[in-house]
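Quantities reported herein were computed from a predicted structural model and do not represent experimental measurements.
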Amino acid sequence: MMRRVLLGLAMVLALPTAGAAQDGLEPTHPRGNIGDWFPMDIYPPEAKRKGEQGRVVAQLSVDKTGAAVACKIVESSGSASLDARTCELALANARFVPAKDASGRPVASTYTLPAVRWELQDSPPTKLTGPWRVGAKIKIDSAGKIVSCSEQRTGPAPADVQMCAVTREMPPEFGTFARGNSTAPMTELVVESSLGIDGTPAIPMTYEADGREAIMMMIIHVDVNTDGKVSNCRVEAQSGPPITNTCTNPPGPFLPIDKPSGVRVKLVMSRPTAQ
C-alpha cells in the first residue's frame with residue numbers, strides 16, 4: 001500500500017543531466033513531469049495475469065523537435081510486456097526540450113529515463129494504524145555517491161515502507177541534486193515519510209527542526225470511510241522537483257474502521273541549511 005506511494009518518488013524525480021552529454025552540446029531535458037508519462041493504472045493485462053512486476057530502464061532517441069522517436073531497453077524487467085509497455089508509453093507521452101549544439105541549434109540526442117518501477121496495485125486491505133514515521137539518514141560524498149544509509153522507524157510503520165530501499169531506486173543524478181551547492185566532503189540528507197491520523201498527535205519530523213531546509217516535499221490528505229475505502233484525496237503541499245501527483249495512487253484501501261477518519265501522508269527530503 002504505502003510502498004506504491006514511496007516508489008513514485010524514485011521513478012519520477014525529474015532531475016536534470018540525464019540527456020546525452022557531448023562536447024559543445026546542451027543536453028535535452030523533459031518538458032513537464034516524467035511521472036505523468038507512466039500512469040500505473042495502465043498495467044499490461046498479460047503481465048497482470050502472470051503477476052509480473054519489475055524495474056525498467058529505457059533510453060529514448062529524441063529528434064531536433066523534442067519528440068521521442070525510438071526507444072531502447074537498457075535494463076530489462078524480465079517481462080517482455082512490461083518492457084514493451086514502458087517504451088510504448090514513453091514514445092506516446094514523452095516531450096522534451098531538444099538538445100542544442102555549440103551554435104544553439106536544436107539537434108537530435110538521447111535521453112536515459114529514470115527507472116520505471118512496475119508494481120501490481122491490487123493489494124488486500126490493511127489495518128489503518130498510526131501515527132508512524134520512517135526516516136533514512138543518507139551520507140553523500142563530494143562526487144554525489146551515496147556512501148551510507150541508516151533507517152529509523154517510529155510507531156507502527158508498515159514493513160513494506162523501506163526508505164533506504166527507496167533511495168536505491170533513485171537515478172544516478174540524485175546524489176548531485178541532493179548536495180546542491182555544498183562544498184563539504186560529505187553531505188547529510190534525510191528522506192522521511194510519515195502517516196498521521198486526524199485527531200492524534202503527529203510524530204515530529206526531521207525537516208521541521210531548526211537549521212534544516214526541505215528540498216522536496218509532498219503532503220497529501222485523504223478521507224477514510226467506515227468501509228476502509230479512501231476518498232477526497234488532495235495535495236496540501238508540494239515543493240521541489242516535480243513529482244507525480246500522489247493522489248493518482250493514494251494509500252489504501254484499509255480494513256473497515258469504526259468511524260470515518262482523515263489521514264495525512266508526508267514525504268520529505270531535507271538537508272542542513274549550512275554545510
Side-chain angles (χ1 to χ4, degrees), residues 6-36 57 62 66 95-102 104 109-115 133-152 163-194 204-219 235-246 266-275:
L6 299 177
L7 282 171
L9 172 66
M11 186 184 78
V12 301
L13 266 175
L15 301 177
T17 71
Q22 302 171 9
D23 290 342
L25 180 66
E26 179 183 329
T28 184
H29 59 273
R31 294 184 184 272
N33 189 345
I34 295 178
D36 292 340
V57 178
V62 182
R95 298 292 183 271
F96 293 89
V97 175
K100 295 180 181 179
D101 64 16
S109 63
T110 60
Y111 184 90
T112 301
L113 290 166
R133 172 193 174 273
V134 179
K137 182 179 290 186
I138 304 161
K139 291 186 177 180
I140 303 170
D141 67 15
S142 57
K145 181 181 178 180
I146 296 175
V147 296
S148 68
C149 181
S150 59
E151 199 167 87
Q152 180 186 43
M163 298 307 296
C164 282
V166 169
T167 64
R168 289 194 288 270
E169 298 280 348
M170 297 294 183
E173 297 81 18
F174 167 69
T176 302
F177 159 75
R179 283 185 59 86
N181 297 322
S182 173
T183 58
M186 200 73 65
T187 297
E188 176 205 290
L189 180 76
V190 173
V191 183
E192 56 189 331
S193 180
S194 71
M205 297 184 71
T206 301
Y207 82 93
E208 298 168 326
D210 292 339
R212 297 196 68 84
E213 60 175 338
I215 60 174
M216 192 289 300
M217 176 185 295
M218 171 68 80
I219 302 176
V235 176
E236 294 188 331
Q238 181 174 358
S239 63
I243 66 174
T244 192
N245 184 349
T246 312
K266 297 183 180 182
L267 180 61
V268 185
M269 293 184 189
S270 68
R271 65 189 176 203
T273 53
Q275 301 187 57

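At least one donor-acceptor pair closer than 3.5 Å links the side chain of E151 to the backbone N or O of M163. Looking at R179, its side chain does come within 3.5 Å of a backbone N or O of I140 through a donor-acceptor pair.
Listed by chain and residue number, D141 satisfy the side-chain contact (heavy atoms from CB on, under 4.5 Å) test with K145 (two or more places apart in sequence, or in another chain). Among residues two or more places apart in sequence or in another chain, the side-chain contact (heavy atoms from CB on, under 4.5 Å) test is passed with E208 by P204, M205, K266. Applying the ring pair (Phe, Tyr, Trp, His ring centres under 6.0 Å) rule to F96 yields the partners W37, Y111; only residues at least two apart in sequence or on another chain are considered. In this structure R31 satisfies the side-chain contact (heavy atoms from CB on, under 4.5 Å) test together with R95, V97, P98, sequence neighbours excluded. Residues forming a side-chain contact (heavy atoms from CB on, under 4.5 Å) with A237 (at least two apart in sequence, or on another chain): M217, I219.
Residues T110 and V62 have side chains not in contact (no heavy-atom distance under 4.5 Å, counting atoms from C-beta outward). Contact of the T206 side chain with the R212 side chain is registered, since non-hydrogen atoms from C-beta on lie closer than 4.5 Å. By the 4.5 Å heavy-atom criterion applied to side chains, I34 and P114 are counted as neighbours. With a 4.5 Å cut-off on side-chain heavy atoms, E188 and I138 do not count as touching. Looking at E26 and D101, their side chains never come closer than 4.5 Å, going by heavy atoms from C-beta outward.
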I would like to know whether M218 and V235 meet side-chain contact (heavy atoms from CB on, under 4.5 Å); could you show each step before the answer? CA-CA 7 Å; M218 171 68 80; V235 176; 3.8 Å; yes
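Counting only N and O atoms by type, the side chains of S182 and R271 include no donor and acceptor under 3.5 Å apart.
Within the model, atoms CE of M216 and OH of Y207 stand 11.0 Å from one another, a figure rounded to the nearest 0.5 Å. In this structure, the separation between NE2 on H29 and OG on S109 is 11.0 Å, given to the nearest 0.5 Å.
In terms of heavy-atom proximity, T187 sits nearest to A178 at CG2-O, 4.4 Å. The minimum heavy-atom distance between S142 and A184, with the atom names listed, is CB-O, 4.5 Å. Nearest heavy-atom pair across E192 and S270 is OE2-OG, 4.3 Å. Closest heavy-atom contact between S193 and L267: CB-CD1, 4.0 Å.
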